[in-house]
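All heavy atoms count here, side chains included; hydrogens, waters and symmetry mates do not.
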Amino acid sequence: MYAPSSHPWIPGDSLGQHLQQRGVSRRDFVQFCGGLCAVLGLGKDAVPRMARALESLKRPSVIWIQLQECTGCVESVIRTADPTIGNLVLDMISLDYSHTLMAAAGHQAEAALQSAMKTNAGKYLLVVTGSVPLNDDGIYLTIGGRTAKTILEEAAAGAAGIVAVGACAHWGSVQAARPNPTGAVGVSQVIKDKPVVNIAGCPPIADVVTATLVHYLTFGRMPATDGDGRPLFAYGALIHDQCPRRAHFDAGQFVEVFDDAHAREGWCLYHVGCKGPATFSPCPIFQWNEGTSWPIGAGHPCLGCTERHFWDTMTPFYGRLPDIGGFGVERTADIIGAALAVGATAGVAAHAVATGIHQARLKRQLPVMGTPGAPPSSSSPQPKE
Ligand code: SF4
Ligand code: SF4
Ligand code: F3S
């Protein structure tokens with residue numbers, strides 16, 4: 001088990017008792033719940049309920065299996081800003097198996113997996129990263145002599161809930177791109193008798209994973225999802241409708257090549273391939289690495305990585321959407337661009353102000369749980385309205 005804590009959770013203690021022992025203040029804990037409620041799109045009224053539910057938790061078991069993948073999703077999750085993966089792992093869940101994060105390896109790791117599944121049968125949460133190769137009896141991925149399909153089916157059989165993290169677990173990702181030589185599929189194409197929540201993205205944003213797990217721990221069920229199994233709190237809006245460059249799109253101001261002056265001025269990346277108009281994701285709001293940046297923020301077009309089969313449907317990555325077929329954005333963009341050529345500056349300014357207000361409202365900040373002995377933070381943000 002991954003537990004590098006100087007304050008181990010005493011068996012039988014609730015989360016509330018454990019936090020008290022660690023010296024985490026009630027104030028910080030409630031702020032932490034408030035931040036998560038904001039991420040989940042819940043109102044202030046949900047904060048006391050979340051606090052009560054989490055406080056009474058008796059450390060639930062989580063088993064995390066990694067199949068045909070690149071480890072990028074794990075790398076993304078362990079960079080969760082708030083709560084840190086340390087808080088998540090040590091204070092809310094018992095990560096009983098994760099072959100990247102656990103100290104054990106080889107036979108010891110496999111024994112840990114079997115033990116965790118047996119001890120917590122019917123109660124553990126199963127997190128999966130990676131796709132499942134089905135061609136040629138699944139020989140393209142075996143761990144401990146067992147195929148990915150067998151490992152997944154066994155782990156899913158005893159799981160209370162299943163979360164597929166990342167594009168690989170969602171639908172297969174790059175392994176499933178044409179011609180898909182290994183026959184890679186996502187978790188929900190193998191597990192048909194239980195609902196699977198898909199945290200889309202390559203990789204997904206860590207805070208979305210965290211919030212989904214906390215929703216499950218709080219309410220005993222997964223968050224509401226769209227038709228593709230993606231949580232609506234995160235994937236309910238197009239990137240294009242949340243993008244800080246949207247004012248330039250509306251004004252017909254486009255970057256034409258990556259090193260032109262307009263690229264440096266932050267104009268819209270639609271002409272150099274941005275798939276934001278066809279991609280549902282919270283990237284502009286949540287961002288990565290404690291809100292440091294995200295692809296479009298760094299000057300790169302969105303590749304559409306939260307959308308199923310994006311390696312085939314969103315390519316060429318540096319081509320405009322209509323070149324790919326099925327989108328009507330081009331005509332709209334050109335018409336808007338021509339119509340707004342006059343007075344574009346005023347339009348950009350007005351939209352920028354509106355976008356700024358929108359971003360400020362939506363921008364969620366999660367307070368980190370206090371460390372033992374540390375004074376309560378006066379800068380911890382409040383949950384959003
Ligand atoms: Fe790697 Fe992307 Fe698959 Fe995650 S979804 S394991 S980042 S290829
Ligand atoms: Fe933002 Fe891309 Fe939409 Fe332009 S096309 S506004 S860069 S999401
Ligand atoms: Fe992926 Fe586009 Fe976000 S490429 S990371 S959905 S900006």
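Note that the OG atom of S131 and the CD atom of Q68 stand 3.5 Å from one another [nearest 0.5 Å]. Taking CZ from R246 and CD1 from I296, the interatomic distance works out to 11.5 Å, rounded to the nearest 0.5 Å. Distance NE2/H309 to CH2/W171: 6.0 Å, rounded to 0.5 Å. Atom CD1 of I162 is separated from atom OH of Y216 by 10.0 Å, given to the nearest 0.5 angstrom. Considering CD1 of I239 and CD1 of I285, their distance stands at 10.0 Å, rounded to 0.5 Å. Atoms SG and CG, on C37 and L40 in that order, are 6.5 Å from each other to the nearest 0.5 Å.
Between I199 and T212, the closest side-chain pair of non-hydrogen atoms falls below 4.5 Å. By the 4.5 Å heavy-atom criterion applied to side chains, V163 and L126 are not counted as neighbours. Put simply, the side chain of R59 does not reach to within 4.5 Å of the side chain of H18, judged on heavy atoms. Contact annotation: the side chain of E256 never approaches that of H262 to less than 4.5 Å [non-hydrogen atoms, C-beta and beyond]. For the pair M314 and L303, the minimum side-chain heavy-atom distance is 4.5 Å or more. Looking at heavy atoms from C-beta onward, T147 lies out of side-chain contact with D137 at the 4.5 angstrom threshold. Within the 4.5 Å cutoff, the side chain of W64 has heavy atoms near those of the V74 side chain. Between L125 and L213, the closest side-chain pair of non-hydrogen atoms falls below 4.5 Å.
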Working for ring pair (Phe, Tyr, Trp, His ring centres under 6.0 Å), residues H300 and Y318: CA-CA 10 Å; H300 194 280; Y318 299 105; 5.4 Å; yes
E154 vs R146, side chain to side chain contact (heavy atoms under 4.5 Å, CB included): CA-CA, chis, key distance, verdict: CA-CA 11 Å; E154 282 182 8; R146 297 182 309 139; 2.3 Å; yes
Side chain to side chain contact (heavy atoms under 4.5 Å, CB included) assessment of D228 paired with H170: CA-CA 9 Å; D228 199 19; H170 178 193; 2.7 Å; yes
Trace of the side chain to side chain contact (heavy atoms under 4.5 Å, CB included) decision for L19 with F29: CA-CA 9 Å; L19 293 180; F29 177 64; 3.4 Å; yes
Steps toward side chain to side chain contact (heavy atoms under 4.5 Å, CB included) verdict (L134, Q189): CA-CA 10 Å; L134 297 181; Q189 287 159 280; over 6 Å; no
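Under the rule for a side-chain contact (heavy atoms from CB on, under 4.5 Å), the partners of T119 that lie at least two apart in sequence or sit in another chain are S115.
In terms of heavy atoms, V272 sits closest to V255 at CG1-O, 3.8 Å. Considering every non-hydrogen atom in both S76 and A206, the closest pair reads O-CB, 3.2 Å. Closest approach of Y235 to S281, counting heavy atoms only: CD2-CA, 4.0 Å. Nearest heavy atom pair, residue A211 against residue L36, reads CA-CD2, 4.3 Å. In terms of heavy atoms, F258 sits closest to G299 at CE2-O, 3.9 Å. Closest of all the heavy-atom pairs between M102 and A112 is CE-CB, 3.8 Å.
Under a 3.5 Å cut-off, the side chain of R264 and the backbone N or O of D259 do form a donor-acceptor pair. In this structure, D13 contributes its side chain and K58 its backbone to no donor-acceptor pair below 3.5 Å. Judged by distance alone, the side chain of N120 and the main-chain N or O of K123 form no donor-acceptor pair under 3.5 Å. A donor-acceptor pair under 3.5 Å links the side-chain atoms of Q287 to the main chain of P284, judged by distance alone. In this structure, the side chain of K149 does not engage the main chain of V190 through any donor-acceptor pair within 3.5 Å. A distance-only check finds a donor-acceptor pair linking the side chain of Q175 to the backbone of G172 [under 3.5 Å]. Side-chain atoms of N135 come within 3.5 Å of backbone atoms of P181 as a donor-acceptor pair (strictly under, hydrogens ignored). The main-chain N or O of A159 is found under 3.5 Å from a side-chain atom of K194 such that the two form a donor-acceptor pair.
Side chains of E69 and T129: a donor-acceptor N/O pair is present below 3.5 angstrom, by distance only. Between Y97 and E110, the side chains place a donor N or O and an acceptor N or O closer than 3.5 Å (distance only, hydrogens not considered). For the residue pair S173 / W311, a side-chain donor-acceptor distance below 3.5 Å is found, with atom types taken as modelled.
Within 6.0 Å of the CD atom in E265, the count of heavy atoms belonging to other residues, nucleotides or ligands exceeds 12.
Under the 30°/60° scheme for interplanar angles, the aromatic rings of Y270 and F249 are found to stand perpendicular. Classified by interplanar angle (parallel below 30°, tilted 30° to 60°, perpendicular above 60°), the ring pair F254/H271 is parallel. Ring geometry, F219 versus H215: the interplanar angle falls from 30° to 60°, so the pair is classed tilted.
A salt bridge links R230 to E307: one of the charged nitrogens lies within less than 4.0 Å of a carboxylate oxygen.
Note: the hydrophobic cluster containing Y140 does not contain V128 (ILVMFWY, side chain heavy atoms under 4.5 Å, direct or indirect links). I139 and I151 fall into different hydrophobic clusters, where Ile, Leu, Val, Met, Phe, Trp and Tyr residues are linked whenever their side-chain heavy atoms come under 4.5 Å apart, directly or through other members.
With side-chain heavy atoms closer than 4.5 Å counting as contact, directly or through intermediates, V257 stands alone and belongs to no larger hydrophobic cluster.
A centroid separation of 6.0 Å or more is found between the aromatic rings of F280 and H240.
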Under 3.5 Å, sequence neighbours excluded: what are the donor-acceptor pairs made by side chains of residues 45-57?
residue : atom : partner : partner atom : Å
E55     : OE1  : R26     : NH1          : 3.1
E55     : OE2  : R26     : NH1          : 2.1
S56     : OG   : R52     : O            : 3.2
S56     : OG   : A53     : O            : 3.0

